[in-house]
2 protein chains.
Amino acid sequence: MAAYDHPDLATFELTVVLRALADPARLEIVRHLARVGEANCATLIGTRPKSSMSHHFQVLRDSGILRTRIEGVQHRNSLRREELDTRFPGLLMAVLNAP
Amino acid sequence: MAAYDHPDLATFELTVVLRALADPARLEIVRHLARVGEANCATLIGTRPKSSMSHHFQVLRDSGILRTRIEGVQHRNSLRREELDTRFPGLLMAVLNAP
DNA sequence: CATATTGTTCGACATAACTCGAACAAGGCA
DNA sequence: TGCCTTGTTCGAGTTATGTCGAACAATATG
């Protein structure tokens, strides 16, 4: 498996990021990653099928919210916190702290 | 025209608010209101037809982002800043300050 | 009352988005 | 090599969302 493409910080679009966060499944993923730091896809699958999760990870990746690092067979995901904070100060924190 | 229903602070849903903000037209409306304080629908219509704008205002209203006050024939819109800030601290500011 | 102004509502259409099974790809290991 | 694990990709189906014209409602004004 080839490495993923991650968008550059300067190209993050606010509406794209907001749309990516505006889904319950993805919000759950983001909050989980905020707690554990890094996780592979499997550990994040609740009751949803793999293909659905793969889709959500792609949306999050394409928007710039997370990064996926390949290690063997596993794909390790983590938030791009510093970059997100640089481009959209306070946004991620507000979302993570929200009820 | 009867007064509008505005959702209660405690019922604001993060995903609903994010989805409402995740549209270019609505983001423009929100940013404009942040600048001018209050505005009726007509002054916010760019090239879009009235029915489209009415739809966007409804989405923003239903999510809790803005309030609409009826004064004669005009409907005056303004952000529910304090309430939004109470429920989602920092969120609106992050969105308004974003590039 | 007649008319203009402001917006809403309705209905239809187009497009985007989420969901999920099935097939596929790549790495690790016996 | 054969098989298991981890995810992706594809395709189809369903639902949600945005767009816009046309008709309607409410208020103000001549």
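Bear in mind the structure is a predicted one, so any value in this text is a computation, not a measurement. Chain letters run A, B, ... following the sequence lines, proteins first, then strands; residues in each count from 1.
Atom CG in N77(B) sits about 8 Å away from atom P in dG7(C), given to the nearest Å. Look at NE2 on H75(B): it is 11 Å from P on dA28(D), rounded to the nearest Å. Rounded to an integer number of Å, the gap from CE of M53(A) to P of dT8(D) is 10 Å. Here dT8(D) presents its C1' atom at 13 Å from CZ of F57(A), a figure rounded to the nearest Å. At whole-Å resolution of the value, CD1 in I45(B) and P in dG21(D) are 12 Å apart. The nearest whole Å value for the distance from the CD atom in Q74(B) to the C1' atom in dA4(C) is 13 Å.
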5' to 3', nucleotides 18-30 of chain C under a 4.0 Å protein heavy-atom cut-off (B base, S sugar-phosphate only, - none) gives SBBBB---SBS--
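Nearest heavy atoms, L14(B) versus A98(A): CD2-CB, 3.7 Å. Smallest separation of non-hydrogen atoms from A20(B) and S63(B): CB-OG, 3.6 Å.
Looking at R61(A), its side chain never comes within 3.5 Å of a backbone N or O of T68(A) through a donor-acceptor pair. Although no hydrogens or angles enter the test, the distance criterion places a donor-acceptor pair under 3.5 Å between the side chain of R31(A) and the main chain of V95(A). Side chain of R76(A) to main chain of E38(A): no donor-acceptor pair is present (N/O by atom type, distance under 3.5 Å, no hydrogens or angles). Not one N or O on the side chain of R26(A) forms a donor-acceptor pair closer than 3.5 Å with the backbone of V59(A). The backbone N or O of A22(A) lies less than 3.5 Å from a partner atom in the side chain of R19(B), making a donor-acceptor pair.
Taking only side-chain nitrogens and oxygens, Y4(B) never comes nearer than 4.0 Å to OP1 or OP2 of dG7(C). Between N40(B) and dG7(C) there is a side-chain polar atom (N or O) within less than 4.0 angstrom of OP1 or OP2.
How far CD1 of I65(B) is from CG of L92(B): 8.0 Å, rounded to the nearest 0.5 Å.
For the strand DNA chain C, secondary-structure stems (runs of at least three Watson-Crick or G-U pairs, all distances below 3.5 Å) span C:1-30 with D:1-30.
At a threshold of 4.5 Å between non-hydrogen side-chain atoms, the residues N77(A) and F57(A) count as touching. Put simply, the side chain of L44(A) does not reach to within 4.5 Å of the side chain of H56(A), judged on heavy atoms.
Listed by residue number, R61(A) are the residues of residues 60-70 of chain A with a heavy-atom contact under 4.0 Å to DNA chain D.
Around the CG atom of D8(B), the shell of radius 6.0 Å holds more than 12 heavy atoms that belong to other residues, nucleotides or ligands.
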